[in-house]
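A short worksheet on the structure shown next.
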Amino acid sequence: MNIALIAGLCVILLGLIVGYNILAQQRKQIESHKRQEMAKHIAVIDATEELIGNAHNLPYSGTLLVCLNKKILDSLKAMHEIDNSDKSIPQRISATQAQIDQIKQSFSNKESTSFRVPDSDRQAISMLKLVKRLRSVIKAEHSKGRLQTQAFVAENARLEQMQLKINIENVVKRSNEAKRKGQLGTAQQLLKKAIDVLSTKNDNYSAQMKQRLQQMHTEVTETLNTGHEKSKSDQEQEKSELDELFAPKKKW
């Protein structure tokens, strides 16, 4: 009887140990999942704050700034649901919401800064990468239902035109540099490529820039043709002088 009792107690104890280990493992998995989710939201917040920090480098609209700050707000709320023990999160939620309200009032019909022509190819590439990231963000937010279709279409078109503007203005700068170096052929090719791109667009900026670049292209082409004619004339004159120099001597 005592042996049976001891055996029963051992079975119960073993069951308790196994059950405790299972619960501990499940709790460990839950905590690990929470940490992963928290890390994911922190990464989203950091990346979005970096994008907001570039608002002085490119013209950000009020729609774009609100979208980015709402992205941060959504991550903060998700973090609070995962772990409500962190007392700093509610404060950040309130501060972010206040920021959104302030942006809606201050940036309803204006942008964060004016457009600045890139100083170098490197800066142009950096600006283009930034615009690409912003377009990816608004596309993702629209697909999640956080950005209305009308707002998405308008903002995406604005960013697309900014990409075009960065490229075209950089081409103009490179063309002018080539002209100063006497590389008229390079300048002509750059302008031709830009004109071809603008020919596929129908907005006001593209129409104005196309007209300007066509005039620049004509001037470069005329300069090249003038140089070619002068070179041809010089060659003909030199040939004439050589022919005269080596012509058979006349006998008088």
Side-chain angles (χ1 to χ4, degrees), residues 47-65 67-68 107 109-139 153-239:
T48 308
E49 286 180 340
E50 180 192 352
L51 290 175
I52 293 174
N54 279 286
H56 63 282
N57 294 324
L58 282 178
Y60 281 33
S61 67
T63 299
L64 179 58
L65 286 170
C67 176
L68 293 173
F107 290 87
N109 293 312
K110 67 176 184 178
E111 297 177 336
S112 61
T113 186
S114 57
F115 178 83
R116 291 191 292 272
V117 178
D119 296 327
S120 63
D121 289 347
R122 183 177 180 180
Q123 186 179 18
I125 292 171
S126 177
M127 293 168 71
L128 288 170
K129 286 182 177 179
L130 177 57
V131 175
K132 185 177 180 180
R133 287 177 63 191
L134 291 171
R135 292 185 71 183
S136 295
V137 168
I138 63 170
K139 183 179 180 180
V153 171
E155 186 60 25
N156 189 57
R158 191 186 72 86
L159 291 172
E160 184 179 11
Q161 187 175 60
M162 195 181 301
Q163 280 182 309
L164 174 68
K165 198 170 184 179
I166 292 168
N167 278 315
I168 295 300
E169 295 293 342
N170 192 50
V171 165
V172 172
K173 180 184 69 63
R174 291 177 61 192
S175 174
N176 289 332
E177 289 176 352
K179 286 167 62 178
R180 284 194 295 270
K181 294 177 181 177
Q183 300 170 348
L184 297 181
T186 299
Q188 185 185 47
Q189 290 176 4
L190 288 169
L191 292 170
K192 180 65 169 62
K193 288 180 180 179
I195 292 169
D196 290 342
V197 171
L198 292 171
S199 297
T200 63
K201 310 294 181 181
N202 56 7
D203 56 279
N204 291 334
Y205 170 79
S206 297
Q208 293 174 3
M209 284 303 298
K210 181 182 176 182
Q211 185 177 2
R212 176 186 168 189
L213 296 188
Q214 284 176 331
Q215 183 178 354
M216 292 174 63
H217 184 269
T218 299
E219 292 173 356
V220 171
T221 302
E222 289 176 352
T223 303
L224 280 170
N225 291 338
T226 301
H228 176 71
E229 291 298 326
K230 185 177 184 303
S231 176
K232 184 178 179 182
S233 176
D234 290 344
Q235 289 175 0
E236 289 177 351
Q237 182 178 354
E238 183 179 355
K239 182 177 182 300

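In this structure, L134 CG and L68 CG are separated by 6.5 Å, a value rounded to the nearest 0.5 Å. Atom CD1 of I195 and atom CZ of R212 lie 11.5 Å apart (nearest 0.5 Å). How far CG of L130 is from CD1 of I125: 14.0 Å, rounded to the nearest 0.5 Å. The distance from atom CG of N202 to atom NZ of K210, rounded to the nearest 0.5 Å, is 11.0 Å. To the nearest 0.5 Å, the span separating CG on D121 from OG on S126 amounts to 12.5 Å. Between L184 atom CG and T221 atom OG1 the span is 9.5 Å, to the nearest 0.5 Å.
The main-chain N or O of V172 is found under 3.5 Å from a side-chain atom of N176 such that the two form a donor-acceptor pair. Looking only at distances, a side-chain donor or acceptor of T223 sits under 3.5 Å from a matching main-chain atom of E219. For D203 (side chain) and S206 (main-chain N/O), a donor-acceptor pair under 3.5 Å exists by modelled atom type. S136 places a side-chain N or O within donor-acceptor distance of the main-chain N or O of K132, the cut-off being under 3.5 Å.
Within the 4.5 Å cutoff, the side chain of L198 has heavy atoms near those of the I168 side chain. Here the side chains of M209 and K201 are not in contact, with every heavy-atom distance at 4.5 Å or above. Here the side chains of V137 and L64 are not in contact, with every heavy-atom distance at 4.5 Å or above. The shortest distance between side-chain heavy atoms of E155 and S61 falls below 4.5 Å. Side-chain contact between K139 and N156 is absent, with no heavy-atom pair separated by less than 4.5 Å. In this structure the side chain of S175 never reaches within 4.5 angstrom of the side chain of H217, judged on heavy atoms.
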Side chain to side chain contact (heavy atoms under 4.5 Å, CB included) between I52 and Y60, worked out: CA-CA 9 Å; I52 293 174; Y60 281 33; 5.5 Å; no
Test log, rule side chain to side chain contact (heavy atoms under 4.5 Å, CB included), inputs R116 and N57: CA-CA 8 Å; R116 291 191 292 272; N57 294 324; 4.2 Å; yes
Trace of the side chain to side chain contact (heavy atoms under 4.5 Å, CB included) decision for K165 with M127: CA-CA 11 Å; K165 198 170 184 179; M127 293 168 71; over 6 Å; no
Evaluation steps, side chain to side chain contact (heavy atoms under 4.5 Å, CB included), between K193 and V171: CA-CA 9 Å; K193 288 180 180 179; V171 165; over 6 Å; no
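In this structure, R135 places its CZ atom where more than 12 heavy-atom neighbours from other residues, nucleotides or ligands lie under 6.0 Å away. For N204, the CG atom counts as loosely surrounded, since its 6.0 Å shell holds 12 or fewer non-hydrogen atoms of other residues, nucleotides or ligands. A 6.0 Å sphere centred on CD of Q183 holds more than 12 heavy atoms belonging to other residues, nucleotides or ligands.
Between K181 and E177 no salt bridge is recorded (no basic side-chain N to carboxylate O distance below 4.0 Å).
Here the closest heavy-atom approach between residue M162 and residue P59 is recorded as CE-O, 3.3 Å. In terms of heavy-atom proximity, L128 sits nearest to Q163 at CD2-O, 3.7 Å. Across A47 and R133, no two heavy atoms sit closer than the pair O-NH2, 3.8 Å. Residues E50 and N54 approach most closely at O-ND2, 2.9 Å, considering heavy atoms.
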